Amino acid sequence: MVKTRFAPSPTGYLHIGGARTALFNYLFSKHHNGVFVLRIEDTDMERSKDEYTRDILEGLKWLGIIWDEGPFFQRERMEIYREHAYRLIEKGLAYRCYCTPEELEEKRNQAIKEGKKATYDRTCRELKEPVAEKPYAIRFKTPITGQITFNDLIRGKITFNCEELDDLIILRSDGTPTYNFTVVVDDALMGITHIIRGDDHINNTPRQILIYEALGYKAPNFAHVPLIHGKDRTRLSKRHGATSLLEYKNEGFLPEALMNYLARLGWAYGDQEIFSKEELIEKFDLDHVGKSPAIFDMDKLKWLNSHYIKTSDDNRIAVILEEFLTKLNIKIDKKEKLIPIVKSLKDRAKTIKEMAQMAEFFFNDEIHYEEKAKEKFLTPDTRKILESFLEGFTHIKADDEQAQKALIEGIVKTTGKKPVDVIQPIRVSLCGRTASPGIFEVINILGKESVENRLKRAIDSIK
RNA sequence: GGUCCCAUCGUCUAGUGGACUAGGACGUCGGCCUCUCACGCCGAAAACACGAGUUCGAACCUCGUUGGGACCA
């Protein structure tokens with residue numbers, strides 16, 4: 001059975017790259033009816049924070065990635081790693097190293113001076129007896145010669161020479177295990193069959209394979225996904241504003257848009273652009289994951305988001321819109337307005353946040369007029385138009401589009417102006433701006449009283 | 001610096017030796033629609049990094065060059 005995992009360290013928020021790695025693991029396991037495990041690699045006591053763990057869990061949930069097992073916390077498994085480290089010593093596949101950090105530092109400097117590689121010189125490798133009372137780290141006995149090759153599911157065959165690898169520390173002198181050791185122990189114990197992770201781990205892979213073998217476990221399949229880059233083509237980091245995935249939620253993106261975008265970033269299925277979650281599970285495979293890094297493109301994400309806003313259920317969008325309106329301190333006078341507002345704005349907004357901003361004027365008759373709009377359309381010249389529209393409108397219902405059209409046509413005829421010249425002043429009076437949903441739609445949503453209030457207020461503002 | 005990886009429009013990508021006059025999508029530009037803004041529709045510009053080789057034939061295979069990235073130091 002296929003079993004994958006996502007194993008982030010809670011030393012930062014769940015960023016876009018991490019989310020995509022998680023997604024690929026999730027999709028791959030679900031595609032094969034397998035199991036997806038979540039493991040939190042929190043062995044770095046200094047930098048790990050609960051806040052980050054919470055962000056990661058929440059982010060995954062929001063995106064719609066559901067794990068079958070876990071979350072497991074490495075901090076709770078320290079004994080297991082220690083036990084495995086000593087097991088390797090017993091098997092003669094690891095050894096105690098008594099070199100002090102100072103000695104190591106000196107050796108390193110010396111090697112660099114001589115133009116050699118700054119790797120550990122294996123001083124303690126052949127020590128026969130443990131030295132009592134002296135602190136030690138445990139090092140892994142890396143084969144001195146030979147090659148290690150693995151078949152990456154995305155990149156094909158990758159080969160390393162063992163000479164390039166030194167005897168890495170698996171357990172520090174303070175008893176804490178190191179990264180390359182804990183991943184292997186956990187992945188082996190948890191029965192992970194496919195490790196899908198970032199490109200940045202390729203160089204760790206040969207060491208890890210060696211550790212699998214030493215421990216007597218079968219190495220899993222590896223698939224290294226290229227990293228996501230920022231516009232400057234370097235790895236995404238805080239500089240690129242790639243903080244938390246949840247920030248996209250706060251910016252008004254829909255989770256399915258983000259999932260769709262992330263999946264298509266570095267993976268393709270012919271010419272298809274739009275994928276539901278179910279479709280992704282059905283169609284995702286490692287064969288069509290690209291090998292070169294992808295650059296994050298906000299415009300395309302926005303396009304997908306607007307697509308999902310357009311095609312999403314109005315009630316659902318209304319609920320989200322309400323949250324954003326509240327966040328913007330906009331008081332919702334009548335909840336029944338929300339659905340019609342969504343209907344009128346879903347083709348115009350790229351994010352729900354944008355939608356909330358566009359919707360603001362619907363909720364308060366004391367609207368703010370945009371400077372330029374007022375200058376151009378609320379003038380002594382247009383005042384007559386507004387007055388005659390208000391006069392006619394008092395006899396009409398707010399949902400009677402036909403009557404409103406007739407009224408405007410009448411004004412067009414008597415003034416000799418173009419329809420747009422009649423409508424724009426009305427639009428600015430009602431919305432405070434020159435761009436808005438269709439004028440009849442706006443009137444209908446606002447209702448008779450609001451429309452009359454706003455017209456009066458606009459007319460007064462001209463005086 | 002060492003090791004490893006990568007290379008098709010600005011961006012995401014299709015492409016697995018002949019169907020390639022290199023396809024789709026975002027973005028850009030132009031047009032249509034239109035009460036404004038959007039939406040929608042139509043159209044355009046836009047790429048195989050370079051050089052050798054293999055082959056009847058190369059975006060696709062091989063080698064090299066250049067460029068980029070990651071990890072380690």
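No hydrogens, no waters, no symmetry mates; every other heavy atom, side chains included, goes into these values. What you see is a predicted model, and the numbers here were worked out from it, not measured in a lab. Letters go in sequence order (proteins before strands), and every chain restarts at 1.
Atom name P, nucleotides rC63(B) and rC5(B): the rounded distance is 12 Å, in whole Å. rA45(B) and rA7(B) have their C1' atoms separated by 24 Å, with the value rounded to a whole Å. Distance check on atom P: rA47(B) versus rA38(B) gives 29 Å, rounded to whole Å.
In terms of the salt bridge (charged side-chain N to carboxylate O under 4.0 Å, His left out) criterion, Glu441(A) has no residue partners (sequence neighbours excluded). Under the rule for a salt bridge (charged side-chain N to carboxylate O under 4.0 Å, His left out), Asp287(A) has no partner lying at least two apart in sequence or in another chain. With sequence neighbours left out, the side-chain hydrogen bond (donor to acceptor under 3.5 Å, both in side chains) criterion links Lys300(A) to Glu273(A). With sequence neighbours left out, the salt bridge (charged side-chain N to carboxylate O under 4.0 Å, His left out) criterion links Glu256(A) to Arg316(A). Considering only residues two or more places apart in sequence or on other chains, Ser450(A) meets the side-chain hydrogen bond (donor to acceptor under 3.5 Å, both in side chains) condition with Asp365(A). Here Lys448(A) pairs with Glu452(A) under the salt bridge (charged side-chain N to carboxylate O under 4.0 Å, His left out) rule; sequence neighbours left out.
Within 4.0 Å (heavy atoms only), Ser306(A) reaches no atom of the nucleic acid at all. Note on Ile408(A): nothing from the nucleic acid sits closer than 4.0 angstrom, heavy atoms only.
A donor-acceptor pair under 3.5 Å is formed between the side chain of Arg139(A) and the backbone N or O of Asp167(A). The backbone N or O of Ser312(A) lies less than 3.5 Å from a partner atom in the side chain of Lys346(A), making a donor-acceptor pair.
If you check rG51(B) for Watson-Crick or wobble pairing at under 3.5 angstrom, you find it paired to rC63(B). Across every strand in view, rG43(B) sits in a pair with rC29(B) that passes the Watson-Crick or G-U test at under 3.5 angstrom.
Near-neighbour residues of RNA chain B inside residues 249-266 of chain A, defined by a heavy atom below 4.0 Å, number-ordered: Arg264(A), Leu265(A), Gly266(A). Of the residues in residues 289-301 of chain A, those with a non-hydrogen atom less than 4.0 angstrom from any atom of RNA chain B are Lys291(A), Ser292(A), Pro293(A), Ala294(A), Ile295(A), Asp297(A), Asp299(A), Lys300(A).
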Legend entry - Reading 5' to 3' through nucleotides 35-42 of chain B, protein heavy-atom contacts under 4.0 Å coded B for base, S for sugar-phosphate only, - for none: BBBBSS--
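Judged as a ring-ring contact (aromatic ring centres under 6.0 Å, His included), the pairs with a partner in residues 370-392 of chain A (not counting sequence neighbours) are, in order, Phe389(A)-Phe393(A).
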Please list, for nucleotides 18-21 of chain B, all pairs of protein and nucleotide N/O atoms separated by less than 3.5 Å.
none

Restricting both atoms to N or O, compile the protein contacts to nucleotides 47-51 of chain B shorter than 3.5 Å, with distance only.
none

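Note: Tyr212(A) and Tyr217(A) fail the aromatic proximity criterion, with ring centroids not under 6.0 Å apart.
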